[in-house]
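Reading through the structure tokens given below for one structure.
All values reported here derive from a predicted model rather than from experimental measurement. The sequence lines fix the lettering, A, B, ..., with proteins before strands; numbering per chain opens at 1.
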Number of protein chains: 2
Amino acid sequence: MTGNRPDTLVYLVDDEFAVRDSLTLLIESTGQAIRSFASAEVFLNNYDPERPGCLLLDVRMPSMSGLELQDELLRREISIPIIFISGHAGIPDSAKAFRAGAVDFLEKPFDNEKLLGRIEEAIKKDIANREQVSEHRKIQNRLNHLTVREQEVLSLIVRGYSNKEMAKILNISNRTIEAHRAHIMEKMQAESLAELMMMATHSSHNAPDNFSLAVRA
Amino acid sequence: MTGNRPDTLVYLVDDEFAVRDSLTLLIESTGQAIRSFASAEVFLNNYDPERPGCLLLDVRMPSMSGLELQDELLRREISIPIIFISGHAGIPDSAKAFRAGAVDFLEKPFDNEKLLGRIEEAIKKDIANREQVSEHRKIQNRLNHLTVREQEVLSLIVRGYSNKEMAKILNISNRTIEAHRAHIMEKMQAESLAELMMMATHSSHNAPDNFSLAVRA
DNA sequence: TAGACAATACGTATAAATACCTACTCCCGG
DNA sequence: CCGGGAGTAGGTATTTATACGTATTGTCTA
């Protein structure tokens with residue numbers, strides 16, 4: 001039942017061999033690929049950003065701890081969903097983990113079925129997130145190919161101004177606005193105002209007031 | 001420093017008088033209003049949905065537990081941010097709480113400053129959430145006042161069809177589309193296509209494909 | 001320095017949307 | 001059974017947006 005998409009990968013980081021061994025067996029038995037690492041450092045050197053999946057992470061480890069790795073991933077803007085697994089952790093650790101975005105925090109020993117369920121959930125989450133991010137990037141990319149002037153015009157379009165109003169605001173001719181507008185539609189690959197709006201607003205995910213910020217980012 | 005907006009309220013639910021007493025003193029000292037309750041049941045009977053704030057919730061209590069109250073609030077669609085406070089809880093409890101949306105989970109005894117910080121954060125979150133929800137409701141309300149036909153037309157508008165295309169799709173005249181369109185703009189209180197798009201898409205928070213579902217909900 | 005691109009602007013023509021108006025039919029509820 | 005709203009449609013005039021094409025100026029770069 002667990003997702004056995006061939007392209008997804010479960011990362012397991014735990015310093016104990018026994019844990020790596022048994023979890024590898026468990027997870028592979030569902031058809032889900034898994035790679036395990038004995039330390040956070042090794043994981044960081046082998047993580048493949050292209051591959052959707054999730055991370056099973058031990059809290060207490062020599063050198064870099066699980067929570068530290070979580071911080072490091074945040075810093076590197078790596079958003080792989082993390083399921084913590086721990087033998088001797090306390091509430092403060094779990095709270096920190098969750099507040100930093102962990103999807104779950106399980107105590108060893110845990111119920112195998114529960115773990116598998118959480119893994120599936122985490123992977124789904126990652127896939128959904130990746131789709132959203134890539135869509136966002138695509139649009140952001142087009143946005144960044146607009147000239148500064150075009151971006152200004154776009155931000156006015158999104159706020160609902162007509163060509164005439166924009167011309168007045170920018171102190172340029174109606175014709176020029178039309179030219180910019182046509183270029184914008186072309187560069188953004190939008191077929192209609194509606195499409196353009198969707199791209200401009202959804203991608204920056206902010207109210208139109210803040211749009212100018214988003215478009216320049 | 002803690003927000004002392006007169007209209008916000010901290011709810012405290014704990015069966016121990018000593019806890020209620022000391023926390024009340026602490027929180028009132030910052031100028032923040034607080035009301036405490038000895039049980040989940042009493043809280044439920046006295047909760048004021050109009051008042052933004054947050055909930056400090058003890059986990060272990062006679063009768064209904066903190067986690068049960070959290071579930072009940074979810075069931076009642078009451079989305080007040082919850083900060084759990086607990087003396088003898090374990091990781092499973094904290095995990096359950098977080099997965100159900102808790103903003104934090106603190107162990108007694110906790111650092112007063114930390115608690116106050118979390119309260120402030122939670123209240124801000126509630127205020128932001130309430131604003132979003134009320135905006136959403138306002139728009140949803142307008143959406144529901146559209147006739148079925150108008151909703152159909154709106155869903156086509158949002159997908160980027162021109163009047164002519166819509167007329168063809170719905171097998172009605174161009175004029176009728178224009179009439180519907182005018183009614184839609186009026187009822188939705190939109191001044192421009194851009195505004196209309198914002199309302200129609202942001203409120204349903206879904207891709208235009210699914211818009212027809214959202215608009216009928 | 002020549003060529004590319006951005007920003008500006010004009011002309012003309014067509015297409016689309018908006019703003020007014022009226023009017024018919026159907027169906028539902030008082 | 002009658003009034004009113006919804007859905008339909010036509011007329012006319014105006015405003016906007018598009019779609020062509022051309023041209024000037026300035027900046028940046030190969």
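In this structure, CZ of Arg149(B) is placed 16 Å from C1' of dG5(D), rounded to the nearest angstrom. Distance Leu170(B) CG to dA6(D) P: 18 Å, rounded to the nearest Å. Lys187(A) places its NZ atom 10 Å from the P atom of dC5(C), with the value rounded to the nearest Å. Separating the CD1 atom of Ile184(A) from the C1' atom of dA7(C) is a distance of 13 Å, rounded to the nearest angstrom. The nearest whole Å value for the distance from the NE2 atom in His183(B) to the C1' atom in dC21(C) is 13 Å.
Formation of a donor-acceptor pair under 3.5 Å by the Ser65(B) side chain with backbone atoms of Met61(B) is not found in this model. Looking at Thr24(A), its side chain does come within 3.5 Å of a backbone N or O of Arg20(A) through a donor-acceptor pair. Arg130(A) places a side-chain N or O within donor-acceptor distance of the main-chain N or O of Arg51(A), the cut-off being under 3.5 Å.
Sorted by first and then second residue, the pairs that involve residues 169-189 of chain A and meet salt bridge (charged side-chain N to carboxylate O under 4.0 Å, His left out), not counting sequence neighbours, are Glu150(A)-Lys187(A), Arg175(A)-Glu178(A).
The environment of Arg99(A) atom CZ is dense: over 12 non-hydrogen atoms of other residues, nucleotides or ligands sit within 6.0 angstrom. When the shell of 6.0 Å around OH of Tyr161(A) is examined, it contains 12 or fewer heavy atoms from other residues, nucleotides or ligands.
Contacts of Thr147(B) with the nucleic acid, taken as non-hydrogen atoms under 4.0 Å apart, involve only primed sugar atoms and P, OP1 or OP2.
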> How would nucleotides 15-30 of chain D be written as a contact map, 5' to 3', with B for base contact, S for sugar-phosphate-only contact and - for no contact, using protein heavy atoms under 4.0 Å?
Replying inline: -SSB------------
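Out of dG10(D), dT8(C), dT8(D), the shortest distance to the side chain of His180(B) is found at dT8(D).
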